[in-house]
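Structure, as structure tokens:
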Number of protein chains: 2
Amino acid sequence: MATEGVEAPELRNKQVILKRYVSGFPSKDDFELKTSAIKSKVPEGSNEVLLQNLYLSVDPYMRLRMRKIVDGGDYFASFVPGSVISGGGVARVLDSGDPNFKKGDLVRGMTRWEEYTLITAPETLFKIEHTDVPLSYNTGILSAVGLTAYIGLFEICSPKKGEYIFVSAACGAVGHLVGQFAKLAGCYVVGSAGSKEKVDLLKNKFGFDEAFNYKEEEDVDAALKRYFPEGIDIYFENVGGKMLDAVLLNMRFHGRISVCGMISQYNTDRPEGPNNLMPLVYKRIRMEGFMVSDYYKIYPKYFDWVLPYIREGKIAYMEDIAEGLESCPHALVGLFSGRNIGKQVIRVAQG
Amino acid sequence: MATEGVEAPELRNKQVILKRYVSGFPSKDDFELKTSAIKSKVPEGSNEVLLQNLYLSVDPYMRLRMRKIVDGGDYFASFVPGSVISGGGVARVLDSGDPNFKKGDLVRGMTRWEEYTLITAPETLFKIEHTDVPLSYNTGILSAVGLTAYIGLFEICSPKKGEYIFVSAACGAVGHLVGQFAKLAGCYVVGSAGSKEKVDLLKNKFGFDEAFNYKEEEDVDAALKRYFPEGIDIYFENVGGKMLDAVLLNMRFHGRISVCGMISQYNTDRPEGPNNLMPLVYKRIRMEGFMVSDYYKIYPKYFDWVLPYIREGKIAYMEDIAEGLESCPHALVGLFSGRNIGKQVIRVAQG
């Protein structure tokens with residue numbers, strides 16, 4: 001509740017700023033840390049909500065917002081150089097002019113890379129209702145990350161029991177969930193990742209049927225033929241480029257490709273597509289991109305589905321948690337060298 | 001009916017043979033004309049059907065079968081060098097061991113580039129029932145060509161009234177039908193083609209709202225922005241490569257791309273995909289390949305829909321008819337220099 005007539009004291013607010021548009025591989029130098037001040041109360045009469053950020057989500061798509069986006073308008077906006085980075089997170093409400101939120105509420109949604117954030121569009125926040133699972137899960141398996149895996153697999157690809165599924169970037173935040181969700185749906189699942197440690201995790205912890213290190217395969221087409229002698233029914237695309245070419249050669253009739261993202265292309269100004277899309281025709285393949293934000297109305301259904309599995313320990317959800325707002329830039333850069341395993345999260349303050 | 005006990009006389013049978021697998025641009029030298037002999041009756045006791053070919057269909061996909069296909073198995077087989085080319089056509093039954101066909105019947109289906117063809121799998125033939133329209137139409141608008149336009153537009157893309165549709169290779173056999181079908185569905189339709197004559201036909205004869213000559217556009221992206229200031233809802237893909245890149249930049253949210261073929265890629269051993277598939281994600285685009293052979297059960301529905309339009313003159317169906325079996329190679333090569341307008345057909349004998 002906004003306090004009337006009294007000037008609110010200010011809080012010191014550490015922030016991570018994007019210094020400039022980035023081309024090529026991002027580095028810590030593309031960011032700077034700054035400390036500014038923020039009022040400890042929302043403006044009188046407003047419906048704004050003041051958050052203390054607890055966990056911040058670090059995701060590959062954020063790299064795309066660090067470049068000047070020229071190919072499209074408002075569907076996916078660039079970050080503004082000189083401004084605080086925005087991204088998903090979990091926070092505690094410190095003050096609220098919106099009757100739907102009160103001081104002390106835990107929320108998730110789009111916040112910013114800073115200690116305290118004034119949210120001017122509180123309708124984009126979701127109150128956290130499932131407090132028997134770790135709070136940080138609300139930046140991942142219980143947020144857009146988990147919903148992305150669910151939508152991309154179930155809504156876009158409609159897997160049937162016994163189908164063959166390939167997941168690239170399989171040890172990433174979305175990938176390791178897709179593989180486990182597909183196993184729960186009775187599919188045969190193979191993942192690719194970029195290190196022996198990740199391959200071991202995929203097979204031994206996340207329950208993939210098989211996994212391989214794409215960096216050790218001279219010929220990914222041959223690797224896919226080895227792991228999928230019958231071909232691939234469903235490909236969950238996180239990578240793009242040459243990987244997609246190899247996958248297209250190994251798809252089965254009426255295969256489905258859910259295009260979640262293409263991390264191999266995010267650090268280049270000259271993206272490389274697949275060379276040969278003709279298998280789409282011969283093999284009657286459907287390839288479909290999606291943005292999870294179109295599916296937020298599915299959250300209740302998704303939570304009803306996933307929470308029992310989490311509570312029963314049937315999904316091994318892995319987080320890579322770094323401490324302190326200062327570690328945000330290093331963590332984001334690390335996504336592109338494959339440093340993280342599972343969901344990259346930053347703990348900004350204790351929950 | 002097979003005649004018992006009497007040796008059937010032989011017919012002289014001119015044939016077009018594929019000499020070798022072809023890489024690069026095809027030429028007339030890749031084919032040779034041969035004359036052999038064929039029995040004028042089907043073998044006694046067989047269910048085979050002997051055809052006299054009347055019209056042969058010349059289609060871009062045939063180029064794909066002229067190369068050694070290595071990326072897939074049996075879904076799309078190479079022609080066999082040294083053998084007669086196979087393709088769609090219209091024919092008269094000369095003799096039949098199959099009770100479903102009798103001498104004098106007119107049929108369409110897969111036949112071969114020769115004067116007479118012995119069909120060993122007569123279940124692949126369709127009897128021609130609509131004899132009030134020109135017989136040659138059964139190689140095009142009343143065959144897989146027309147069904148391709150219908151399926152690719154209606155089944156794959158579900159056009160809604162008022163949507164914006166772009167058709168590449170719009171003066172081709174499939175393209176000029178897609179545009180007219182889309183107009184009948186109440187859409188706004190723009191086509192691209194490779195000459196002024198074709199652009200004029202698209203606008204003045206086929207009823208496209210707009211058309212442009214892609215060879216005169218230095219920047220196809222800019223051209224598309226000019227013709228589609230609101231963006232493209234549906235793209236009927238006949239071309240591939242750079243055109244697809246430009247289209248992807250101009251698609252609207254939830255756009256649909258029906259991938260019928262990619263003629264720009266058929267004469268190269270190093271196909272070029274689009275460079276940037278990320279708009280699939282931002283714009284939630286569905287891109288789907290299809291093979292018309294999966295949809296033959298739709299023929300009755302399609303004929304019920306299209307025949308009234310043909311009879312009422314509401315569809316301007318254009319054929320490019322060359323005379324004589326000898327003109328087959330020249331006609332096929334011409335598809336790739338854009339020589340034909342509308343459906344390329346060869347008249348082998350009078351119907």
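Heavy-atom basis, side chains included; hydrogens, waters and symmetry copies ignored. So you know, we letter chains A, B, ... as the sequences are listed, proteins then strands, and number each from 1.
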Between B:Gly240, B:Cys260, B:Pro274, the one whose heavy-atom pairs under 4.5 Å with chain A are most numerous
B:Pro274
Side chain, backbone, both or neither of A:Leu277 within contact of chain B (heavy atoms, under 4.5 Å)
both
On the ring face of A:Phe253, is A:Arg284 found with NZ or CZ under 6.0 Å from the centre and within 45° of the axis?
yes
The interface call for A:Leu244 against chain B, heavy-atom contacts under 4.5 Å, is side chain
Might you work through the side chain to side chain contact (heavy atoms under 4.5 Å, CB included) test for A:Val167 and A:His176, ending with a clear yes or no?
CA-CA 8 Å; A:Val167 184; A:His176 84 300; over 6 Å; no
Name the member of A:Gly261, A:Pro271, A:Gly273 that forms the most heavy-atom pairs with chain B at distances under 4.5 Å.
A:Pro271
Could you look at A:Thr268 and say if it's the side chain, the backbone, both or neither that has a heavy atom under 4.5 Å from chain B?
neither
Carefully, step by step, assess B:Tyr214 and B:Ser168 under the rule side chain to side chain donor-acceptor pair (under 3.5 Å).
CA-CA 9 Å; B:Tyr214 72 90; B:Ser168 55; over 6 Å; no
Stepwise side chain to side chain contact (heavy atoms under 4.5 Å, CB included) test for B:Phe336 and B:Ile263
CA-CA 8 Å; B:Phe336 299 95; B:Ile263 197 171; 3.6 Å; yes
Any side-chain donor-acceptor pair under 3.5 Å between B:Ser23 and B:Lys68?
no
